[in-house]
*Asks:* 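What follows is a structure written as structure tokens; I'll ask about it next.
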Amino acid sequence: MSETEAVRSEEPPLLAVIGAGGLCGRYLLDAARQSPFRVRAVVHGPAGRARVAALGADEIVEADLAEPDSVRRAVKDADSVFMIPPAFHPEEDVFAIRALEAAEDAGARRFVYLSVLHPHTPGLRHHLRKANAEAAVRGSDLDWTILQPSMFAQIVLSTWGRAPAGQVDVPFDVNHRFSFIDLRELAEVGVKVLSEQGHDSATYELAGPTTTPGEALRIAGRARGVHLEARTVDWAKAPLPPGVADDPSRGPDMRAMWQDYDRHGLHGNSNVLRMLLGREPASFAEATAAFDVP
């Protein structure tokens, strides 16, 4: 064993978190503070670097997911890689597979892929891209785990829960059932499957407790001391959020998602999340009470 290898073997294992600058990534970095890893936060650019600077990562590295060499440099010497693909990106499956291949080339041991609840939904192209990436992950020789979370409670809170008092326009049926997962608990599960034995070759459906968007916004309003009343508006005419509205490749996929939600909602079973946490998953009210983006 060389001197460099000896020093490396004495160091804590290195975890590279790709997509660390996004909402989910920041919760994962926050949870990883108590983990046995050295953490490398992989971000897209200076804005992401600024968002994660205070979250305790041992390293912050910028990488362009469209450039294979950039991704390989980002995961160099990593023992584990946690891949969070960019939401609604038309090449998110390509990026995920590129990260997987880079992890294999780097000699990583573990790979965790953040997918989505019900990825094989025909009308949702961004779900199907995640299903395509899942197939590649399952074909890997690495120890892999796939996480399939339901809708993030914090997305609802940040998108609609901060609205002024009164009616809040939501671009799908506000009376359908949705399962909302608290991102603190998704991050806890992420660290758990990375740091414990026994989670390789596992696909975990992570659905939080079920309620309706209408009730969720009433809960969010009560926490602020205001009344919020969700109102269903036409998914085809509702304004797209900033960032998506400026990107013609993402808007149609978001509207397709709204259309599917308008028909079916998005709900699952909480048994797997309960098993992994060892307790009851947080309710939407509990997620609201603790809402604070890291």
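FYI, the numbering just counts along the sequence from 1. As the structure is a computational prediction, the values presented were derived from the model and not from experiment.
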*Asks:* Only one of Arg40, Arg110, Arg109 forms a salt bridge (Lys or Arg N to Asp or Glu O under 4.0 Å) with Asp79, so which one is it?
*Replies:* Arg109
*Asks:* What closest approach, in Å, do Val42 and Ala63 show between heavy atoms, and which atom pair accounts for it?
*Replies:* CG1-CB, 3.7 Å
*Asks:* For Arg263, enumerate each residue passing the salt bridge (Lys or Arg N to Asp or Glu O under 4.0 Å) test, keeping only those at least two apart in sequence or located in another chain.
*Replies:* none
*Asks:* Please name the pair of heavy atoms, one in Arg255 and one in Trp235, separated by the smallest distance, quoted to 0.1 Å.
*Replies:* NH1-O, 2.8 Å
*Asks:* Salt bridge or not for Arg38 and Asp58, using N-O below 4.0 Å?
*Replies:* no
*Asks:* Under 6.0 Å from the NZ atom of Lys76, do we count more than 12 heavy atoms belonging to anything else shown?
*Replies:* no
*Asks:* Give the table of side-chain donor-acceptor pairs shorter than 3.5 Å for residues 97-107, with sequence neighbours excluded, one pair per line with atom names and distance.
*Replies:*
residue	atom	partner	partner atom	Å
Arg98	NH1	Leu65	O	2.7
Arg98	NH1	Ala66	O	3.3
Glu104	OE2	Ser140	OG	2.8

*Asks:* For Phe284, enumerate each residue passing the ring pair (Phe, Tyr, Trp, His ring centres under 6.0 Å) test, keeping only those at least two apart in sequence or located in another chain.
*Replies:* Phe180
*Asks:* For Glu196, does the CD atom sit with more than 12 other heavy atoms under 6.0 Å from it, leaving out its own atoms?
*Replies:* yes
*Asks:* Using 4.0 Å as the upper bound for N to carboxylate O, is an ion pair formed by Arg138 and Glu134?
*Replies:* yes
*Asks:* Report the residues that fulfil side-chain contact (heavy atoms from CB on, under 4.5 Å) with Asp69, sequence neighbours left out, ordered by chain and then residue number.
*Replies:* Arg72, Arg73
*Asks:* Got a sec, which residues hit ring pair (Phe, Tyr, Trp, His ring centres under 6.0 Å) with His199, two or more places apart in sequence or on another chain?
*Replies:* Tyr204
*Asks:* List for me each residue that meets ring pair (Phe, Tyr, Trp, His ring centres under 6.0 Å) alongside His127, sequence neighbours excluded, and say none if there are none.
*Replies:* none
*Asks:* In terms of heavy-atom contacts, does NE2 of His89 have more than 12 from other residues, nucleotides or ligands at under 6.0 Å?
*Replies:* yes
*Asks:* Name every donor-acceptor pair, under 3.5 Å, that has one atom in a side chain of residues 216-232 and the other anywhere in the protein, sequence neighbours excluded.
*Replies:*
residue	atom	partner	partner atom	Å
Arg218	NE	Glu215	OE1	3.1
Arg218	NH1	Glu229	OE2	3.4
Arg218	NH2	Glu215	OE1	3.4
Arg222	NH2	Glu215	OE2	3.4
Arg224	NH1	Gly161	O	2.8
Arg224	NH1	Ala163	O	2.7
Arg224	NH2	Ala163	O	3.1
His227	NE2	Glu229	OE1	3.1
Arg231	NE	Asp169	OD1	2.9
Arg231	NH1	Gln167	OE1	3.2
Arg231	NH2	Asp169	OD1	2.7
Arg231	NH2	Asp169	OD2	3.2
Thr232	OG1	Phe172	O	3.3
Thr232	OG1	Val174	N	3.0

*Asks:* How close do Gly208 and Ser179 get, counting heavy atoms only, and between which atoms?
*Replies:* O-CB, 3.3 Å
*Asks:* Could you go step by step and tell me if Arg129 and Asn132 meet the side-chain hydrogen bond (donor to acceptor under 3.5 Å, both in side chains) rule?
*Replies:* CA-CA 5 Å; Arg129 289 193 291 268; Asn132 186 44; over 6 Å; no
*Asks:* Quick one: list whatever passes salt bridge (Lys or Arg N to Asp or Glu O under 4.0 Å) with Arg177, sequence neighbours left out.
*Replies:* none
*Asks:* Please name the pair of heavy atoms, one in Asp246 and one in Pro248, separated by the smallest distance, quoted to 0.1 Å.
*Replies:* O-CD, 3.7 Å
*Asks:* I'd like to check the salt bridge (Lys or Arg N to Asp or Glu O under 4.0 Å) partners of Arg250; sequence neighbours left out, ordered by chain and number.
*Replies:* Asp247
*Asks:* Return yes if some donor-acceptor pair links the side-chain N/O of Glu185 with the main-chain N/O of Ala282 below 3.5 Å, else return no.
*Replies:* yes
*Asks:* Where is the tightest heavy-atom contact between His44 and Asp64, given as atom of each residue plus distance?
*Replies:* CE1-OD1, 4.3 Å
*Asks:* Are the side chain of Asp262 and the backbone of Asp173 linked by a donor-acceptor contact shorter than 3.5 Å?
*Replies:* yes
*Asks:* Using residues 14-24 as the side-chain source, report each donor-acceptor pair under 3.5 Å to any protein atom, sequence neighbours left out, with the distance given to one decimal.
*Replies:*
none

*Asks:* Name all residues meeting the ring pair (Phe, Tyr, Trp, His ring centres under 6.0 Å) criterion together with Phe88; count only those two or more places apart in sequence or in a different chain, and write none if there are none.
*Replies:* His126
*Asks:* If the condition is salt bridge (Lys or Arg N to Asp or Glu O under 4.0 Å), which residues does Glu205 pass it with, not counting sequence neighbours?
*Replies:* none
*Asks:* Ignoring hydrogens and angles, tell me if any N or O in the side chain of Thr159 forms a donor-acceptor pair with the backbone of Val156 under 3.5 Å.
*Replies:* no
*Asks:* Measure across Gly251 and Leu240 and return the closest heavy-atom pair with its distance rounded to 0.1 Å.
*Replies:* CA-CD1, 3.8 Å
